[in-house]
Colleague: 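Handing you a structure now.
Proteins come first, then strands; the chains are lettered A, B, ... in the order of their sequence lines, and each starts at number 1. Everything numeric in this text was worked out from a predicted model, so none of it was measured. Computed from heavy atoms alone, side chains included, the values below leave out hydrogens, waters and symmetry copies.
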Protein chains: 2
Amino acid sequence: MTVTLADVAARARVSPATVSRVLNGNYPVAAATRERVMRAVDELDYVPNGPASSLAAATSDLVGILVNDIADPFFGIMAGAAQGAIGAGGAGDALTEAGRAAAGTAHERPTGTSTDKATAKATDKTSDKTSEKVSEKAGGEKLAVVCNTGGSPARELTYLTLLQRQRAAAVILTGGSLEDPEHLAAVAAKLARLAEAGTRVVLCGRPPLGEPPAGEPAVAATLAFDNRTGARRLTEHLLALGHRRIGYVAGPENRTTTRHRLEGHRAALAAAGVAEGPTVHGRYDRSSGYEATVELLGREPDLTAVVSANDTVALGVCAALRDRGLSIPGDVSVAGFDDLPFAVDAVPALTTVRLPLHDAGARAGRLALGTEAPPQGGVATIAAELVVRGSTGAPRGA
Amino acid sequence: MTVTLADVAARARVSPATVSRVLNGNYPVAAATRERVMRAVDELDYVPNGPASSLAAATSDLVGILVNDIADPFFGIMAGAAQGAIGAGGAGDALTEAGRAAAGTAHERPTGTSTDKATAKATDKTSDKTSEKVSEKAGGEKLAVVCNTGGSPARELTYLTLLQRQRAAAVILTGGSLEDPEHLAAVAAKLARLAEAGTRVVLCGRPPLGEPPAGEPAVAATLAFDNRTGARRLTEHLLALGHRRIGYVAGPENRTTTRHRLEGHRAALAAAGVAEGPTVHGRYDRSSGYEATVELLGREPDLTAVVSANDTVALGVCAALRDRGLSIPGDVSVAGFDDLPFAVDAVPALTTVRLPLHDAGARAGRLALGTEAPPQGGVATIAAELVVRGSTGAPRGA
DNA sequence: CTGTTAGCGCATTCAA
DNA sequence: TTGAATGCGCTAACAG
C-alpha cells in the first residue's frame, strides 16, 4: 500500500540500509548511489514512517510547547516564536504578524506592506515543483506542536504524559504555573521522567522548579520573566505621579505570575510607606477586569488608579470605568502588563510593562533544539520594561 | 532502562497481549486479570511507547491543527476549541478564557468570577493522587496539536508532510488559504495522500477544495464561513446609513478570505448602484490597517467610512483616523470583521461581523474525531452575523 | 477469556 | 562504501 524504505531500496537497487543512510545523512555514501536513491525517493514519493524511525532510533522529532491559553496572544506570541525557531522552514525566517508587531510597536515603527507581499510571493514560488523537495527537507525537521492546557493542571499532566509516550525530543512549558504543591510535585516528577528518557525540558516565562533531590536537573534551561521587578516599577511610576489610593485587579490565585506581580506591587507600596489599596482576584480576561473594577469601586470609591493583572484585564477595567462615567486618566489611571500588541490601541493607550515575549519564545525554541547554550546555572532572568503611555496621569485634584 | 509492556506482563504474570488488551480496552478481559495488570502498570509507572504502538497499529493518536498565525486570536480561538473537543481532559469541559469571552460577549453577559475559581479548585483536587490515573486515562486520548504555518505555503506543506510521516489520525486546516493554483494542487495532492493513509481531513473556516479527480474525496468534512454574505450585510448596513464614499482595507491578495469578503462588499455596492471606493491590500494586522488608512485618505480625503479586512486591522484604521484628528463615527465610520473579543472594547466599540469561531472549532474537532456526522454533501456553510456597535453612524453632513 | 506467533518500518550493529 | 542480520515495543491474528 504505502511505499516503504524497502520499496525505495528495490527501485534504487541498493539495500535498505543504504537508503536509510542517505536519508539520514549520517554515514558516507557514494555520490552516485545517493543520487540514485534520491531519485527513487522522488519517483516513489516516499515519506518515511515516523513511528517506525522513532521506534528504531528511540527518539522522535516531536517538540511539545505547552501553553495555558492558546487564544491569548501572550501565549500565542511565545509559542509562535518558539515554533518558528524550531519548526518547518528553519530559523524563524517567517516572522508572524503579531510577532513582528510585538517586537517593534506597531505604527510607531511601521513595516512596509509591499515588502511582505514580495516575501510571500517568493516563498510561494518555491512550493512549485518543490513539493517533493519539501518532503525531503522535512528530513531533519522537528515537528513543533503546541498543546493547550487551558490552565488545567490535569491537562498539563496529561499532555506531558502524551508527549512522554511519543518520546518527544523536547518540551517547552510556557507561562506561569499553578502553585499547588501536589501539582508541582507531579509535574516535577514527570519532567524528571522525561529528562531521563532524553527529552530536553525548557521553561519559558516560568520560574525555576525547586532543585531536584539528586543528580541531573530535570530542566535543561529556564527563562524566567522578572515579573516582580516589572510590577514594582509600574507601581513606583504610579506613586511618583502622586497616587495614594491604588486598586489592584490580580490574576487567579495560586499562580506564580499572579503572586510575583502582586509582590512587586506591594514592595513598591511598602518602600514608599503607602498603604495597600483593595485587591480583587480574577481570571486573565477582560470580563474579569470589568467585574473586579465594579467591586473595587464599590469598596473604595475614591480610588485614583487601578493596576491590572495584564493588558487584557486592563481593557475590562477601562470599560467598567467608562461605563461609570469616569475618565482615564483624568479620574482614574489604569495600567496593564505584558504590552500585548493591542495595548497601544486602547484609548487612551495603555501604560504597561513590556515582556520580550517574541525573543523569549525564540530563545526557548533554540534551547529546546540545543542550538543555543543554556544560561549560567541554567536559569536566565528576563527583564521587564516599564512602558508609559496615556492611560496613567496625575491623580484628580493633584 | 525504560519499562516496557513486557515488564508489566511479567509483573502481572500474564502475557504481553493481555496487557495490551487491558490497556486498549478493546477486548474482554477478566476483571481480576485487569486489576492485576493495572496494579502492575501503576507500580512500574509504565508509559506506553507511542511510536511502537503507532507502528504496530499503523495509526497514531496525533491530530494536527494547522493555523496561519497562532498569535492571532482568530486562530487561537478556533484551535483552542478544537483542541478542547479532541484533547486531554475530554469534550471541551475546560473552556478557555477567550473561548468563553468569544461565545458570549464579555461584560454584556458577565460570568461569575467565583464560579470559575471553584471549578479550578475542583479540577486541581483531582490532580492529587491521580497522576497515575491521568496517565491511564491518556489511554484513548488523542494528542491534539497545533502547527503554526505563519501563512507560508511552504510551511503548510511541510507540516502536512510531517503529519503524514507521523501517520496522524486527523488533520484540521483552519482559516482561508492561498489561491495560488500550484499551491492548491500541491495541498490537494497531499491531502489525498493523507486521506488514503487513513488520516481524516477537516477544513474549518476554509472553502471546499475542488472536487477530486475521481473516487473518494480527500476531505472528510468542510466548515466554510460565509464571508461573502457577512461582508455584504456589513456594507449594506453602511449604505443604509447613507454612506456613499466607502474605503476598503483588504487582506493579503490571493487569499480566499480576502477575496470573499471583498466580493461581498462589491456585491452590496453593485446592488445599490454605488461606485466602489478605493481599496488597499495589506496584511491581517493593525499596522497594515494604519498604513492603508493613510493611503486611503491620501487618495480620497472625503471618505465617510472604512471597511476593514478584520477587527485587528480595524484597530489600526481607528488609530490612523484618530491621529488625523478625525472622530469615529462622527467624521468616518469604521467596521471590522470576526468580532474578536477585543472588538467590543475598542472606542467606540466596533461594528463588525461575528463568526462563531469557538463553535466551528469545536465542531471541527468532533468531526476530526469522527464523533460527529459530517454535514450533507460534506460541506457546511457557517453563517456570519452582522453586529452593529458604535463605530458606525450616519455620514458627516447627513 | 488468554497465550503464541508474527511482523509493522526502520536504524544499526557487524561483516565484507 | 555497502549489504545482511537483528531488534526497537507493541498489536493483531490465530489458536487454545
Side-chain angles (χ1 to χ4, degrees), chain A residues 1-38 40-41 44-61 135 138-140 164-169 197-198, chain B residues 1-38 40-41 44-62 138-140 164-169 197-198:
Chain A
M1 208 56 226
T2 63
V3 19
T4 75
L5 191 153
D7 298 327
V8 176
R11 190 92 157 78
R13 312 183 132 281
V14 297
S15 73
T18 301
V19 177
S20 173
R21 290 194 266 253
V22 341
L23 255 27
N24 295 306
N26 301 327
Y27 290 80
V29 173
T33 313
R34 143 173 292 116
E35 187 48 43
R36 207 138 38 83
V37 170
M38 290 312 255
V41 166
L44 266 39
D45 196 20
Y46 168 68
V47 174
N49 182 313
S53 1
S54 295
L55 175 56
T59 64
S60 87
D61 51 4
S135 67
Q164 175 184 8
R165 174 184 306 193
Q166 301 296 328
R167 303 299 188 256
Chain B
M1 207 59 222
T2 62
V3 19
T4 75
L5 192 154
D7 299 329
V8 176
R11 189 91 156 79
R13 315 184 131 280
V14 296
S15 73
T18 299
V19 176
S20 172
R21 289 195 266 254
V22 341
L23 255 27
N24 296 305
N26 299 328
Y27 290 79
V29 174
T33 313
R34 141 172 292 115
E35 186 48 44
R36 208 137 38 85
V37 170
M38 291 309 259
V41 166
L44 266 38
D45 197 18
Y46 169 68
V47 174
N49 182 313
S53 8
S54 294
L55 176 56
T59 64
S60 86
D61 51 4
L62 243 197
Q164 177 185 7
R165 175 186 306 197
Q166 299 298 328
R167 302 300 187 259

Colleague: Measure from CG on A/Asn49 to P on D/dG9 and round the result to the nearest Å.
Modeller: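 Result: 17 Å.
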
Colleague: Within this structure, what is the OG1-CG distance for the pair B/Thr18 and B/Leu5, rounded to the nearest 0.5 Å?
Modeller: 9.5 Å

Colleague: Mind checking if B/Val14 touches a base, just sugar-phosphate, or nothing, with heavy atoms under 4.0 Å?
Modeller: sugar-phosphate

Colleague: With rounding to the nearest 0.5 Å, note down the distance linking CZ in B/Arg34 to CG in B/Leu23.
Modeller: 10.0 Å

Colleague: If only side-chain N and O atoms of B/Ser20 are considered, is one of them under 4.0 Å from the OP1 or OP2 phosphate oxygen of D/dT11?
Modeller: yes

Colleague: Over how many whole Å does the gap from B/Arg21 atom CZ to C/dT2 atom P extend?
Modeller: 8 Å

Colleague: Counting any heavy atom closer than 4.0 Å, what does B/Leu55 reach on the DNA or RNA strands: base, sugar-phosphate only, or nothing?
Modeller: base

Colleague: Could you check whether any side-chain N or O of B/Arg165 sits under 3.5 Å from a backbone N or O of A/Gly50, counting only pairs where one atom can act as donor and the other as acceptor?
Modeller: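 Not at all, since once roles are kept as given, no pair shorter than 3.5 Å links the two residues.
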
Colleague: Find the distance A/Arg34:CZ to D/dT2:C1' and express it as a whole number of Å.
Modeller: 14 Å

Colleague: Take B/Ala56 and B/Ala17, find for each the nucleotide of DNA chain C with the closest heavy atom, and name the residue whose nucleotide sits nearer the 5' end.
Modeller: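 Here B/Ala17 is the residue nearer the 5' end.
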
Colleague: Tell me if a side-chain donor or acceptor on A/Ser60 pairs with a main-chain N or O of A/Ser54 at a distance below 3.5 Å.
Modeller: no

Colleague: For the OG1 atom of A/Thr2 and the CG atom of A/Asp45, what is their distance to the nearest 0.5 Å?
Modeller: 11.5 Å

Colleague: Tell me: CG of B/Asp7 to P of D/dG9, nearest whole Å?
Modeller: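 Computing the B/Asp7:CG to D/dG9:P distance gives 9 Å.
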
Colleague: B/Glu35 CD to C/dC1 P: how many Å, rounded?
Modeller: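 In whole Å, C/dC1 P and B/Glu35 CD are 16 Å from each other.
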
Colleague: Using C1' atoms of five pairs at each end, report the bend of the helix from C/dC1-D/dG16 to C/dA16-D/dT1 rounded to 10 degrees.
Modeller: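 Angle reported: 30°, given to the nearest ten degrees.
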
Colleague: Provide, to the nearest angstrom, the distance between the CG atom belonging to B/Leu5 and the P atom belonging to C/dT2.
Modeller: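 Checked: the CG to P distance equals 15 Å.
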
Colleague: Return no unless some side-chain N or O of A/Thr18 is found under 4.0 Å from OP1 or OP2 of D/dG3.
Modeller: yes

Colleague: Check whether any side-chain N or O of A/Ser53 sits under 4.0 Å from OP1 or OP2 of C/dC10, and answer yes or no.
Modeller: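 Result: no.
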
Colleague: Find the distance A/Tyr27:OH to C/dA15:C1' and express it as a whole number of Å.
Modeller: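 My rounded result for the distance is 14 Å.
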
Colleague: Any side-chain N or O of B/Ser15 under 4.0 Å from OP1/OP2 of C/dG3?
Modeller: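 For C/dG3, OP1/OP2 do have a side-chain N/O of B/Ser15 under 4.0 Å.
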
Colleague: Determine yes or no for a side-chain-to-main-chain donor-acceptor pair under 3.5 angstrom, with B/Arg167 supplying the side chain and B/Gln164 the backbone.
Modeller: yes

Colleague: Counting only side-chain N and O atoms of B/Ser54, is one of them less than 4.0 Å from OP1 or OP2 of D/dC10?
Modeller: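 For D/dC10, OP1/OP2 do not have a side-chain N/O of B/Ser54 under 4.0 Å.
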
Colleague: Hey, what do you get for CG (B/Asn49) to OG1 (B/Thr4), rounding to the nearest 0.5 Å?
Modeller: 9.5 Å

Colleague: Classify the side chain of B/Arg167 versus the base of C/dG9 as yes if they form a donor-acceptor pair under 3.5 Å and no if they do not.
Modeller: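 No, the side chain and the base share no sub-3.5 Å donor-acceptor pair.
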
Colleague: Taking the nucleotide of DNA chain C with the nearest heavy atom to each, does A/Ala52 or B/Arg36 sit closer to the 5' end?
Modeller: B/Arg36

